[in-house]
Amino acid sequence: MNEPTPVDTYETLYLRLQEVVAQLEAGELSLAETLKLYEQGTLLAAECQRLLDAAELRVQQVQVGEA
Amino acid sequence: MHEALTVSAVASYLSELLEVHPLFGDLWIEGELSEFKRHSASGHCYFNLKDAHALLRGVMWRSDAARLAAMPKSGDHVLAHGRLAFYVPRGDLQIYVDRFVPAGAGLLNARFEELKARLEREGLFAAERKRPLPPRPRHLLLVTAPGGAALQDMLTILARRCPLVTVTVVPCLVQGERAPDSIVAALYQAYTLSGDLIILARGGGSLEDLWAFNDEAVARAIFASPVPLISGVGHETDTTIADFVADVRAPTPSAAAELAVPALAELHEQLHYTRLRLQRLVDQDLKHRRDAVQSAHALVERHAPRRRLARDRQQLDDLARRVLRAAHMATERRRLALQGLHGQLEALSPLATLARGYAVVRNARSGAVLTSPHEAPPATALRLTLRDGEVAATVDR
């Protein structure tokens, strides 16, 4: 479970997307900051979308007595 | 030949044997009650438990009798739970019963009820310790039989609903004598796998098939789960001890899988709304900025030097016009005055008189105008001024 799973990646990206939205909501930003956040948010949303579209169930089985 | 033993020694030895024996300390006995009596003073109950071939004496203490829902009576077919012990002073082997269950209910059921009541008292089912399920689990652990239909059903649903989740199958036996130990081991193995949600599942079966999920050790292992656990055991109508201990009870393995993860569609929708919000926020922000720029521009415009200059220039124009008008009027006034004077002058001019034939007579030498004959003795040289010239003359007499 060391390598990041798609859901980890999705969750991380989605969390960041929410942070971006929250920052924009809080306001008090310069135009440059706003535009930068907007660009980030757009990229994050697109990546989230891509992950959802490409999602495939990952199944692994542990050996009895492993761990 | 051994040395002879005392009665006490034999009785004590027998008593100890029964005490340490793994079966006699905790057992269920099925049989018919006879000579059931409740001692009126002490409240303890004394009875026999028998079947066609044998009889055991039994006793139930007042404290246990007080918990009975209904007092049994002679002739009842019962399941009795308790321990077998040797009462040394009287040489009686007795069963010390702590609960009775009608035999019709079946032994499994009796055990189930007994365990359920005990664990409930201990707080293993307490509502306040039920944890909410993670809204979007990342790593889902399925503790179930590796080849079972339950696993296939769950994987199908998970793949359809939310292929984003990572699933780890922790295999265990789900029926048979070794199932409880296997389930306990699998659960503890699962607890090491850093999942954020566990499903303990087994497909449908008979009451006996599901029995491993009514095991006390399994119940305690579930209670020990560090993350929320969903039970999905058997069919809708089956309820196991595992279901009571689990954070969430799902009626079937498939239902457990449905409960465990959000539908991908929900994620899509969530993402969609987040995107809309992002867009709206930025649009609003830009609109606010444009508005701010516009009103600032208007403010600057109002104080612009150009406007000030225009105003000054207009004032200047006004002034210039007023000056011109005043100057013009002054000139006009003077011209009119001059004209008047000129007329007056015309009227007074002697030249007009001369034009009518008069002459001005002057002493030619002194230039003085003569107004009397005394001023002109004979031979005085005169100068006569006529309309358009002068004439020299001399006085005769």
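Letters go in sequence order (proteins before strands), and every chain restarts at 1. No hydrogens, no waters, no symmetry mates; every other heavy atom, side chains included, goes into these values.
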Task: Derivation and outcome, side chain to side chain contact (heavy atoms under 4.5 Å, CB included), residues B:D285 and A:L24 - done: CA-CA 8 Å; B:D285 184 274; A:L24 284 172; 5.8 Å; no

TODO: Let me see the working for B:L271 and A:Y10 under side chain to side chain contact (heavy atoms under 4.5 Å, CB included), right down to the final yes or no.
DONE: CA-CA 11 Å; B:L271 182 61; A:Y10 180 84; 4.2 Å; yes

- [ ] Check step by step if side-chain hydrogen bond (donor to acceptor under 3.5 Å, both in side chains) holds for A:T34 and B:R289.
- [x] CA-CA 11 Å; A:T34 300; B:R289 283 177 205 279; 3.1 Å; yes

TODO: Mind running side chain to side chain contact (heavy atoms under 4.5 Å, CB included) on A:L37 and B:L278 for me, showing each step along the way?
DONE: CA-CA 9 Å; A:L37 283 174; B:L278 177 72; over 6 Å; no

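Residue A:E11 holds its CD atom at 9.0 Å from CG of B:D196, rounded to the nearest 0.5 Å.
B:Q284 does not touch chain A: none of its heavy atoms, backbone or side chain, sits under 4.5 Å away. Only the side chain of A:Y14 has a heavy atom closer than 4.5 Å to any heavy atom of chain B. Looking at A:A46, the atoms closer than 4.5 Å to chain B (heavy atoms on both sides) sit in the backbone and in the side chain alike. For a residue to count as touching a neighbouring chain, one of its non-hydrogen atoms must lie under 4.5 Å from one of that chain's; by this rule B:A185 does not touch chain A. Contact of B:L155 with chain A is made through backbone and side chain together, with heavy-atom distances under 4.5 Å. Interface remark: B:L267 contributes backbone and side-chain atoms alike to the contact with chain A (heavy atom separation under 4.5 Å).
Contact annotation: the side chain of A:Q60 approaches that of B:T166 to within less than 4.5 Å [non-hydrogen atoms, C-beta and beyond]. Between B:R275 and A:Q49, the closest side-chain pair of non-hydrogen atoms falls below 4.5 Å. Counting heavy atoms from C-beta on, the side chains of B:Q279 and A:Y38 come closer than 4.5 Å. Counting heavy atoms from C-beta outward, A:Q61 and B:T168 have side chains that stay 4.5 Å or more apart.
Options A:L31, A:D53, A:L17 differ in how many heavy-atom pairs under 4.5 Å they form with chain B, and the most are formed by A:L31.
Heavy-atom neighbours of A:K36 NZ from other residues, nucleotides or ligands within 6.0 Å: at or below the threshold of 12. No more than 12 heavy atoms of other residues, nucleotides or ligands lie within 6.0 Å of CZ in B:R277, so this atom counts as exposed by the packing criterion. Within 6.0 Å of atom CD in B:E301, more than 12 heavy atoms from other residues, nucleotides or ligands are found, so the atom counts as buried in its surroundings.
A:V62 approaches B:V170 most closely through the heavy-atom pair CG2-CA, 3.7 Å. Between B:A159 and A:L57, the shortest heavy-atom distance links the atoms N-CD2, 3.7 Å.
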